[in-house]
Every structure is written in C-alpha cells, then in structure tokens.
**Student:** 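I'd like to ask you about the structure that follows.
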Amino acid sequence: MSTVTAAETTTTDRSLPVVLKVEGLNVDLRTPRGTVRAVDNVGFEARAGQTLALLGESGCGKSMTAKAVAGLLDPIADVDGGEILLNGTDLARLSPKQRRKFAGPELGIVFQDALTALNPVYPVGAQLGEAFRIHHGLSAKEAKAKAVDLMRRVGIPEPEARVNAYPHQFSGGMRQRILIAMAVALNPKLLIADEPTTALDVTVQAQIMALLKSLREESDMAVVLITHDLAVVAEEADTVAVMYAGNVVETGRVADVFASPRHPYTKGLLESVPVNAERGAELNSIPGSPPELHKIPAGCVYQDRCPLVQEVCRAERPKLLPVVSKEPAAADGATPRAAACHFSEELDK
Amino acid sequence: MTETRIQSNDRPLIEVDGVTKTFHVAKSASGNSRLRALDGINLSVRRGETLGLVGESGCGKSTLARTLMMLERPDAGAVRFDGTDPFGLRGKELLEWRRRVQMVFQDPFASLNARMTAGEIIAEPWKAHRGLYKTSREREARVRELLHMVGLRPSDAKKSPQEFSGGQRQRIGIARALALNPDVIILDEPVSALDLSVQAQVLNLLNDLQQRLGVSYVFISHDLSVVRHVADRVAVMYLGRIIETGRTEDVFEHPRHPYTAALMSASPKLDVSGAERQRIILQGEIPSPLDPPSGCRFRTRCWKAQDVCAEQAPGSEPAGKDAGHLAECHFPLETLKVRSGELAPMP
C-alpha cells in the first residue's frame with residue numbers, strides 16, 4: 001500500500017499554454033428518424049499539465065465530442081462546422097492523411113472498454129510498438145524494446161516476460177494500463193480519456209487515476225477526461241465543461257462550479273448525489289429524463305426539467321455567457337466561468 | 001457472526017448460517033477447478049430493514065443473492081427464511097415462499113420482455129400465483145395501482161418497454177417485484193445502469209415504498225455512497241467471505257477491516273473544499289477465487305499483513321462496543337478513524 005495526498009488546491013493558470021481549443025463544434029448524426037444534432041456549438045479549452053473534464057449523462061454528446069476531436073467519428077456522424085485547434089492547427093481542415101501524420105503523435109486516446117479496444121489476436125507488445133513503427137520507422141525489434149519500456153512506465157510487473165502475452169491474459173486493470181501506455185507512447189501533448197475507469201472496480205480505479213495523474217505531471221500533457229461521475233471530476237479535474245443534450249451548459253474551474261453552480265442542471269446533478277444527504281432522507285432529484293436527440297426542444301435544452309423555467313426559456317436558447325459572481329473570492333479571475341441560462345444570476349448564492 | 005440474541009418475535013426474516021457454495025469450472029493454471037464463490041457466509045436480514053451488500057466484482061455478492069433466491073443450492077450451511085429452510089419446501093409451500101422473495105435486476109433494458117406491454121409484465125407473476133387476484137378486473141385494477149405506486153401513469157400499462165426511459169423501465173421492474181406483495185426484495189445493482197439525475201428518483205421511490213409497505217431490501221451495489229444512503233446495515237464481501245459487517249454508520253465511520261478502509265478511501269469523494277486527504281491505494285487486484293491466498297484472503301494486498309495472516313484465517317471478532325459490528329482481521333484498525341475519506345488518528 002502506498003498513500004498519496006490528493007486534492008491539493010489546483011488553480012488554473014492562464015499562462016499555461018492552450019493545447020486544445022474547440023470552438024463552435026457541431027456534430028450531426030444520420031439516423032433513421034432523420035439527421036439530428038448530437039453536438040451543438042460546443043467549445044472548451046484544455047491547457048498543458050491540466051485536466052479538463054467533460055461531464056454529462058449518457059447521450060449528452062461528451063463521447064461524440066471526444067471522437068470528433070480525435071477524428072474517430074462513426075461513418076454516420078459528420079462534423080458540421082467548428083474549429084478543433086490542436087496547438088494552433090485546425091484538425092477539422094486537414095485531410096485524413098495529414099491529420100494522421102500531424103495528430104497521430106500529438107494526441108492519444110484511452111477508451112472505456114480495454115478488452116474491445118485491444119486486438120485479441122496480437123500480443124500486447126506488437127500493439128504497443130505499432131506507433132513507433134508507423135511514426136518513428138523503428139524495426140520490430142526496436143519497437144518491442146520500446147514496448148517493454150512503456151509497460152514498465154505504466155506499472156505492469158515483469159514487462160520483459162509479458163510483452164508477448166495476449167490481451168486476454170491480463171486483468172481488467174492491467175489492460176487499461178496497456179491502453180494508457182499505447183496512448184502515451186509518443187509523448188502526446190493531449191490525452192483524451194473516455195470513461196477510463198468506468199468498467200473497473202473502485203480500488204483499481206484509484207490506481208488508474210493515480211497513474212494518469214503521474215503521467216500528466218511527468219510530461220505536462222493536457223488531459224481531457226470524459227466522465228459521468230461527479231466525484232471523479234471533483235478529485236481529478238482542474239476545469240469542467242458540463243454537457244446536456246449536446247450543449248455545454250456550464251463551464252469553469254471545478255472548485256467554483258461545484259461550490260456554487262450557476263446552471264440549474266449542474267445544481268440538480270450535485271444535489272442528486274447521495275453523499276451529504278441524511279441516510280434515508282429524500283434526495284433531491286431532477287424530474288423526468290434527458291430528451292432524446294430528435295426531441296431536443298427549441299429554446300433552452302433543459303426547459304422541460306428546469307424548476308426556474310419561464311416563457312423566455314421556451315422562446316430563446318440561452319448563450320454560454322460569462323457569469324459574474326457577487327462574491328469575488330469565489331471567482332478565480334484567471335478562469336472565466338460561463339453558464340448557458342437566462343436565470344444564471346438567480347443561482348448566485 | 002452471531003447477532004446479539006434476539007427474542008423470538010424479533011427473529012430475523014432471513015438467516016444465513018455458514019453457507020458455502022463451490023462451482024466446478026475449467027482448470028486454472030495451478031490445476032484447481034473448484035471455485036469457492038461463497039465460503040462460510042453468515043448474515044441476517046430483519047423485517048423492514050435494508051441490508052447493503054458491497055464488494056468488488058468476483059467477491060461473491062451475486063452468488064449470495066442467487067442463493068437467497070434459491071437459484072443456487074449451498075453445499076454446506078443453512079438458509080432460514082422466517083425460521084424454515086426454503087430448500088426443504090415443496091409444492092404450495094414452495095410457491096408461497098417464492099411469492100415472498102422477489103428480485104429487481106441491474107439492467108432495465110435486458111430484464112423486461114420487449115414483446116410484452118408494461119401491464120403484461122407486471123401481471124405475469126400472477127400466472128404462477130393464480131390465487132392472488134382471481135378476476136381480470138381485479139388484476140387490471142391492481143396493475144393500475146402498482147403503476148401508480150411506482151410513479152407511472154395507468155395508461156402506461158399499454159405501452160411496451162421500448163417506449164420508456166431507463167429509469168421508467170426500472171420502475172416497471174420494481175412494480176413487477178411488488179406484484180406479489182413480497183416480504184423481501186433482492187435488489188441487484190438496481191441503480192447502477194441509471195444516469196445520476198434518474199438514480200436519485202429511483203432511490204427515493206425505493207425508500208418511499210419501504211416505509212409504506214415495510215418490505216425488507218437486500219441492496220447489492222458497488223457504489224458506496226448509494227449504500228451509505230439506503231442501508232441500515234452493511235456487509236462487505238471479499239473473495240467469498242463477509243469480512244466486515246455492522247450498522248451502516250459504524251462500518252462507514254469506523255471501518256475495522258483494512259479492506260473496508262481501503263475501499264472507502266478509494267471511492268472518489270465529491271469534495272472541492274481543497275482539504276487534503278490521505279488515500280489508501282491498494283496494490284494489485286483481487287486474486288483469482290480459484291487460487292485464494294492461504295489464511296486471510298486479503299493478506300496479499302494488505303499493508304498490515306504479518307506471518308500469522310498467511311498461516312491462520314482470522315475469526316470474526318466483535319469490533320468494539322457496537323453491537324453486531326464484526327470484522328475478520330488479525331489486526332483490525334483501531335487507531336484510525338475514517339470519516340468522509342479522511343484518515344486521521346482517533347481522538
């Protein structure tokens with residue numbers, strides 16, 4: 001056992017370079033019921049050495065956003081406008097070949113389900129070494145040596161002996177380590193982690209989160225962490241973008257957003273967590289369920305579940321605008337907070 | 001794990017005494033083919049209470065649930081339901097027992113038949129229990145009543161499962177379990193598949209139903225914050241054994257078994273106050289249940305392990321003054337107090 005101290009105060013330093021800047025990103029899905037917008041005018045920034053969380057429930061578009069950034073959208077999904085700037089280069093404007101060459105070494109991605117993300121018929125060493133062979137032109141032997149180094153780096157015991165083993169010979173946690181090793185093989189500037197621990201047990205989840213953190217600190221990567229788990233965001237992320245029905249509804253420093261949410265959805269989510277509630281007491285819940293994509297209302301996306309809803313909410317979709325806090329101490333001048341709500345001010349405590 | 005002796009009128013609804021279940025599986029690397037999923041389980045469930053069952057995958061909690069449902073027959077030990085062994089029941093008595101123990105499943109998409117309407121799903125248990133509601137008018141009225149109880153509309157009876165959201169489907173699953181007026185419902189990860197905003201609705205519903213109907217719950221979950229909220233007592237499982245059990249607040253605030261402490265410390269907390277907290281990060285993963293460690297099963301990952309832990313399995317020791325708080329450990333935590341994830345010396 002080792003003990004680590006978590007949750008040191010994190011501040012967002014605006015002087016840190018922006019690694020990823022997404023602006024006005026739209027993703028359309030072609031479905032049997034017609035084309036629907038799964039990601040709608042989404043924007044956020046991820047800075048070097050920091051973790052940005054994309055937080056939302058299933059179907060909110062958080063994974064779709066990540067796949068659009070990584071260029072891994074399913075054939076039925078199209079990017080329809082917006083910029084994806086990775087170190088200043090707009091990935092959306094590159095040809096697939098240019099994109100592979102440019103983004104391949106710069107951007108790594110870790111998926112939720114390590115067993116399906118790995119190829120079952122190749123040894124893990126070959127899969128780990130592939131990046132070095134393609135991008136650095138190494139021989140198979142050299143690549144295998146690199147794979148052993150990587151396995152050591154992510155804490156897999158006896159890497160020399162296990163480099164030729166197949167994915168099924170590893171436990172769930174070890175497979176996730178292998179996937180992380182693949183993602184960081186070329187020392188990317190940006191790591192996207194899509195629910196990296198959802199399939200894992202809680203004691204293993206803690207190990208994987210500690211690993212991601214140490215890798216981020218070692219190499220000053222920007223991390224985009226996609227998750228539905230508020231507690232994971234509270235513990236791991238510096239900034240957060242809360243998504244609902246394809247839209248970013250609130251963004252800012254995690255400490256600020258969680259301490260005083262300025263969108264009713266964020267507030268409702270925080271109150272749904274049975275952590276502070278007295279045992280057996282009624283939990284605050286959000287009535288209804290998220291809208292299906294083809295039923296997203298005009299006006300505010302959250303209107304059907306919102307306790308503050310007014311006429312204007314049905315008529316006009318609120319823009320993601322900076323929020324001003326009465327309490328200057330709560331607002332970190334460095335990271336502007338923004339919320340997409342007509343009545344955001346009313347939530348200011 | 002003897003509970004404090006109870007008067008006969010206060011006898012637990014379910015008593016599990018030394019239950020062991022072994023499966024025969026394909027040989028492991030070490031040549032072992034006997035998987036001991038449950039190894040000497042003792043627990044009790046009282047009327048109207050919620051027992052939380054926590055543990056990581058492979059710890060045996062689902063096998064235990066299946067045993068309580070009589071879907072698995074134990075190799076050794078006894079299960080008593082209201083004083084009688086359900087495995088000895090036949091015919092009408094068995095049918096009556098089955099009525100009294102119902103289950104709600106984890107996946108609200110897989111656990112409802114897509115070719116039936118919600119009303120047919122809720123009424124289906126009455127095909128086996130014909131005596132309960134004799135006329136179709138009675139049955140229809142009861143379906144409407146059950147739908148209302150779980151927060152759905154009477155008109156929803158005509159809809160098929162695909163027309164409902166995940167949370168609404170789980171409500172249908174709960175209505176089906178309630179259809180036979182059971183004494184106990186086994187809830188196997190009932191909210192794990194639901195989004196957070198919907199999860200709170202279903203937890204509120206379960207709580208409300210328990211208060212109105214006095215039904216007991218065995219609530220299986222890997223989510224400690226959910227268990228802490230719903231359970232009166234908890235049992236923590238590791239590799240087929242209950243390693244700690246007690247009242248929820250005792251176990252959560254003063255865990256005595258190192259595994260319980262690690263499990264609680266590892267689960268992320270929703271705290272942005274910036275307060276420092278010590279985290280216990282366990283090394284390694286759960287050993288294969290095919291080749292469990294000798295002695296204490298947790299010793300391979302335990303920071304307090306000594307030679308004795310490998311040689312001798314720890315007995316179940318009362319953990320302090322609190323009645324019914326038991327931990328299986330040679331070196332139970334005494335000087336540590338874990339409160340909302342903080343590890344600090346006890347005053």
Side-chain angles (χ1 to χ4, degrees), chain A residues 1-10 57-60 157 171-174 200-207 209-210 228-236 254-259 265 268-290 292 305, chain B residues 50 55-59 165-168 194-204 207-208 210-211 222-226 228-232 248-249 258-259 262-286 301-304 340 343:
Chain A
M1 184 207 75
S2 63
T3 57
V4 293
T5 309
E8 65 266 37
T9 329
T10 44
E57 300 179 283
S58 44
C60 73
S171 68
M174 287 297 151
L200 303 176
D201 280 321
V202 57
T203 58
V204 181
Q205 168 175 324
Q207 296 169 358
M209 281 302 177
H228 67 280
D229 189 330
L230 294 165
V232 166
V233 174
E235 295 211 333
E236 309 294 337
V254 173
D256 297 337
V257 171
F258 280 20
Y265 176 60
L269 271 188
L270 285 162
E271 290 173 349
S272 303
V273 180
V275 66
N276 295 320
E278 194 185 329
R279 184 157 57 82
E282 180 98 346
L283 294 170
N284 279 309
S285 61
I286 303 177
S289 46
E292 289 171 59
R305 306 176 75 191
Chain B
T50 300
E56 298 180 280
S57 39
C59 71
S165 67
Q168 289 171 323
L194 304 179
D195 275 321
L196 182 62
S197 69
V198 178
Q199 175 179 311
Q201 298 170 8
V202 174
L203 291 176
N204 284 341
N207 187 30
D208 179 48
Q210 185 170 51
Q211 286 181 0
H222 69 280
D223 187 333
L224 294 175
S225 64
V226 168
R228 183 173 198 163
H229 183 71
V230 300
D232 300 298
T248 303
E249 46 272 38
Y259 177 67
L263 197 62
M264 284 169 188
S265 158
S267 71
K269 305 290 181 302
L270 189 63
D271 176 13
V272 287
S273 64
E276 301 238 326
R277 90 176 165 94
Q278 289 277 305
R279 283 188 76 170
I280 307 166
I281 295 190
L282 291 178
Q283 300 297 304
E285 295 173 36
I286 299 186
R301 301 172 77 196
C302 184
W303 65 99
K304 301 194 80 177
S340 44
L343 242 75

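Letters go in sequence order (proteins before strands), and every chain restarts at 1. Everything numeric here is computed off the predicted structure, so don't read it as measured data.
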**Student:** If I measure from the heavy atoms of chain A, does B:Ser57 come under 4.5 Å with its side chain, its backbone, both, or neither?
**Tutor:**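 Contact with chain A: backbone and side chain both.
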**Student:** Non-hydrogen atoms of chain B under 4.5 Å away: do they reach the side chain of A:Met209, the backbone, both or neither?
**Tutor:** neither
**Student:** So does B:Asn204 get a backbone contact from the side chain of A:Glu282, meaning a donor-acceptor N/O pair under 3.5 Å?
**Tutor:** no
**Student:** Where on B:Gln210 is there a heavy atom nearer than 4.5 Å to chain A: the side chain, the backbone, both, or neither?
**Tutor:** neither
**Student:** Using non-hydrogen atoms and a 4.5 Å limit, figure out which bit of A:Glu271 sits close to chain B: side chain, backbone, both or neither.
**Tutor:** neither
**Student:** Roughly how far, to the nearest 0.5 Å, is CG of B:Asn207 from CG of A:Leu283?
**Tutor:** 8.0 Å
**Student:** Does any heavy atom of chain B fall under 4.5 Å from the side chain of A:Gln205, the backbone, both, or neither of them?
**Tutor:**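 For A:Gln205, side-chain heavy atoms alone lie under 4.5 Å from chain B.
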**Student:** Heavy-atom pairs under 4.5 Å with chain A - which of B:Gln201, B:Glu249, B:Gln211 has more of them than the others?
**Tutor:**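 The option with the most such pairs is B:Gln201.
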**Student:** At a heavy-atom separation under 4.5 Å, does B:Thr248 approach chain A through its side chain, its backbone, both, or neither?
**Tutor:**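 Answer is side chain: those atoms of B:Thr248 sit under 4.5 Å from chain A.
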**Student:** Roughly how far apart are A:Thr203 OG1 and B:Gln283 CD, rounded to 0.5 Å?
**Tutor:** 10.5 Å
**Student:** Give the member of B:Gln168, B:Gln199, B:His222, B:Glu56 that has the highest number of heavy-atom pairs under 4.5 Å with chain A.
**Tutor:** B:Glu56
**Student:** Using a 3.5 Å distance criterion without hydrogens, assess whether the side chain of A:Glu235 forms a donor-acceptor pair with backbone atoms of B:Lys269.
**Tutor:** yes
**Student:** What closest approach, in Å, do B:Val198 and A:Gly288 show between heavy atoms, and which atom pair accounts for it?
**Tutor:** CG2-O, 4.1 Å
**Student:** So for B:Asp232, is it side chain, backbone, both, or neither that comes closer than 4.5 Å to the heavy atoms of chain A?
**Tutor:** both
**Student:** Listed by chain and number, what are the salt bridge (Lys or Arg N to Asp or Glu O under 4.0 Å) partners of A:Asp201, not counting sequence neighbours?
**Tutor:**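 For A:Asp201, no residue satisfies salt bridge (Lys or Arg N to Asp or Glu O under 4.0 Å) once neighbours in sequence are set aside.
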**Student:** What pair of heavy atoms forms the shortest contact from B:Pro268 to A:Ala231, and how long is it?
**Tutor:**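 It is O-CB, 3.4 Å.
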**Student:** Sequence neighbours left out, what passes salt bridge (Lys or Arg N to Asp or Glu O under 4.0 Å) with B:Glu285? Give chain and number order.
**Tutor:**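 Once residues adjacent in sequence are excluded, B:Glu285 has no partner under the salt bridge (Lys or Arg N to Asp or Glu O under 4.0 Å) criterion.
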**Student:** Which atom pair, heavy atoms only, marks the closest approach of B:Ile281 to A:Ala206?
**Tutor:** CD1-O, 3.9 Å
**Student:** Using every non-hydrogen atom in the two residues, find where B:Leu196 and A:Glu57 come nearest and quote the distance to one decimal.
**Tutor:**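 Smallest heavy-atom distance, with atoms named: N-OE2, 3.3 Å.
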**Student:** Check B:Ser267 against A:Val202 and note the closest heavy-atom contact, atom names and distance.
**Tutor:** CA-CG2, 3.4 Å
